[in-house]
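Structure first, commentary second.
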Amino acid sequence: TVKQNSVNAYAFYDVSVMDKIIQETDITNSMTEALKTGQFKLFLQPKYSLKTGKIESAEALVRWVHPEKGIISPNEFIPLFERKGLIKNLDYYIWEQACKTMNKWEKQGLGVLPIAINVSKVHLYSMDLVNKLQSLTQTYGIKPRNLELEITERLFCSDSDLVLKMMNRIKQNDFLFTMDDFGSEYSSLKLLKQMPIDVLKIDQEFLAEISLSDKVKIVIRDVINMAKHMNILVVCEGVETKEQADFLKETNCDYVQGYYYSKALSVEAFEKLLITQD
Ligand code: C2E
Ligand code: MG
Ligand code: MG
Ligand code: MG
């Protein structure tokens, strides 16, 4: 009957809500557990200078090495962590691993290599961010300029006044800002004008179209030139083919990053690459 069906529907609804709650309690627990037991690993993707052809910095990218599920990609858990308010602790952990690694390299005579860290939106609404960054750089003897903060363009769309205030505070402390995924939103140009940006990272989806159209090439070339006129460094991410690399060499692009050069590596593998690159 209709009545029975609707009862069943409610019962079903209740079960799925319960499932969700259990799952979400689960994710909080397993995330805390994973942090404690070192399941989150710092991976580094080299960033190459187009002028020297050498690795000049790296981007810190987290990997969850799960005991049962294997390596889980950040796209699968970062949005969930953000919703559950878990992202801050994970970010702090990864930033600290990055600072420790830079400190180790300097001690080992590998020199100073800047690392770019990804900064989730939630940090920009809390005063903890400035303190956290200062304490990290002081503890590990790192110049703030060598810690680049990557903020995705998607975050800038709303509340930009608040974000702008926070960014200016951080810039007063000499940290660098990268606008990540540039070109993925319609408001790109306005943001470029407003925000205290040091580095522009052109979105990989943009680049993926290079082989498709000469129009895209014109836009990329012009965006790069515009950034250079504004004294902003330019990185192209997601370089996958020789064709893309050759095109970028003919532009004023400063750095490239992508599978064509190297994927993100464990710290050990990254160090090997660094030592043998000459
Ligand atoms: P993102 O910051 O834009 O990082 C670039 C992503 O593109 C990385 O994916 C990288 O592995 C991937 N990639 C690099 N080269 C290529 C290429 O040539 N082709 C293609 N198709 N992809 C390439 P990953 O590591 O899976 O990270 C995904 C996103 O997760 C990152 O995008 C970033 O927004 C976020 N993320 C990663 N680690 C962290 C973290 O520690 N904290 C926070 N808050 N977010 C993170
Ligand atoms: Mg990034
Ligand atoms: Mg990006
Ligand atoms: Mg991207």
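For ligands, and for the atoms within them, numbers begin at 1 and follow the listed sequence. These numbers come from a predicted model, not from an experiment.
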Legend entry - Worked check of side chain to side chain contact (heavy atoms under 4.5 Å, CB included) between Val199 and Tyr255: CA-CA 10 Å; Val199 185; Tyr255 303 104; 5.7 Å; no
Inset, instruction - Might you work through the side chain to side chain contact (heavy atoms under 4.5 Å, CB included) test for Glu96 and Leu136, ending with a clear yes or no? - result: CA-CA 7 Å; Glu96 179 153 23; Leu136 274 179; 3.8 Å; yes
Inset, instruction - Please lay out, stage by stage, how Leu133 and Ile117 fare under the test side chain to side chain contact (heavy atoms under 4.5 Å, CB included). - result: CA-CA 11 Å; Leu133 292 171; Ile117 54 174; 4.3 Å; yes
Inset, instruction - Assess whether side chain to side chain contact (heavy atoms under 4.5 Å, CB included) is satisfied between Ile202 and Ile224, documenting all intermediate values. - result: CA-CA 9 Å; Ile202 297 180; Ile224 293 171; 3.8 Å; yes
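Contacts between Glu237 and ligand 1 below 4.0 angstrom, taking non-hydrogen atoms only, involve the side chain exclusively. Residue contacts with ligand 1, taken as heavy atom pairs separated by less than 4.0 Å, do not involve Ile117 at all. Both the backbone and the side chain of Leu61 come within 4.0 Å of ligand 1, judged by heavy-atom distances. Contact annotation for Leu90 and ligand 1: no heavy atom of the residue comes within less than 4.0 Å of the ligand.
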Side-chain donor/acceptor pairs under 3.5 Å, residues 38-48, sequence neighbours excluded:
{"residue": "Gln39", "atom": "OE1", "partner": "Trp64", "partner atom": "NE1", "Å": "2.9"}
{"residue": "Gln39", "atom": "NE2", "partner": "Thr37", "partner atom": "OG1", "Å": "3.1"}
{"residue": "Lys41", "atom": "NZ", "partner": "Gly38", "partner atom": "O", "Å": "3.2"}
{"residue": "Gln45", "atom": "OE1", "partner": "Gln257", "partner atom": "NE2", "Å": "2.7"}
{"residue": "Gln45", "atom": "NE2", "partner": "Ser262", "partner atom": "O", "Å": "3.0"}
{"residue": "Lys47", "atom": "NZ", "partner": "Glu148", "partner atom": "OE1", "Å": "3.2"}

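Ligand 1 lies out of reach of Ala264, whose nearest heavy atom is not under 4.0 Å from it.
Contact atoms of ligand 1 toward Asp180: 1 (P), 2 (O), 3 (O) (distance under 4.0 Å to a heavy atom of the residue). Within ligand 1, the atoms closer than 4.0 Å to a non-hydrogen atom of Asn75 are 28 (C), 29 (C), 30 (O), numbered from 1 in the order shown. Set against the non-hydrogen atoms of Ser120, the atoms of ligand 1 under 4.0 Å away are 44 (N). Within ligand 1, counting atoms from 1 as listed, the ones closer than 4.0 Å to a heavy atom of Gln204 are 7 (O), 13 (N), 20 (C), 21 (N), 22 (N), 23 (C). Short contacts between ligand 1 and Asp91, defined as distances under 4.0 Å to a heavy atom of the residue, involve ligand atoms 40 (C), 41 (O), 42 (N), 43 (C), 44 (N).
Panel detail: the Mg ion (ligand 2) has protein N, O or S atoms under 2.8 Å away, 4 in number.
Contact record, Glu250 with Arg221: O-NH1, 3.4 Å, taken as the closest heavy-atom pair.
Asp222 pairs by the salt bridge (Lys or Arg N to Asp or Glu O under 4.0 Å) definition with nothing, not counting sequence neighbours. For Asn231, there are no side chain to side chain contact (heavy atoms under 4.5 Å, CB included) partners at least two apart in sequence or on another chain.
Among Thr152, Val62, Val119, Ile94, the residue whose heavy atom lies nearest to atom 38 (N) of ligand 1 is Val62. Looking at Tyr93, Trp95, Tyr259, Tyr260, it is Tyr259 that brings a heavy atom closest to atom 12 (C) of ligand 1. Nearest to atom 25 (O) of ligand 1 by heavy atom, out of Glu59, Arg63, Gln257, Gln45, is Arg63.
No donor-acceptor pair closer than 3.5 Å links the side chain of Asp181 to the backbone N or O of Asp203.
Under the 4.5 Å side-chain heavy-atom criterion for ILVMFWY residues, no single connected hydrophobic cluster contains both Leu233 and Met179.
Counting non-hydrogen atoms of neighbouring residues, nucleotides and ligands closer than 6.0 angstrom, the CD atom of Glu205 reaches no more than 12 such neighbours.
By the 4.5 Å heavy-atom criterion applied to side chains, Leu61 and Asn118 are counted as neighbours.
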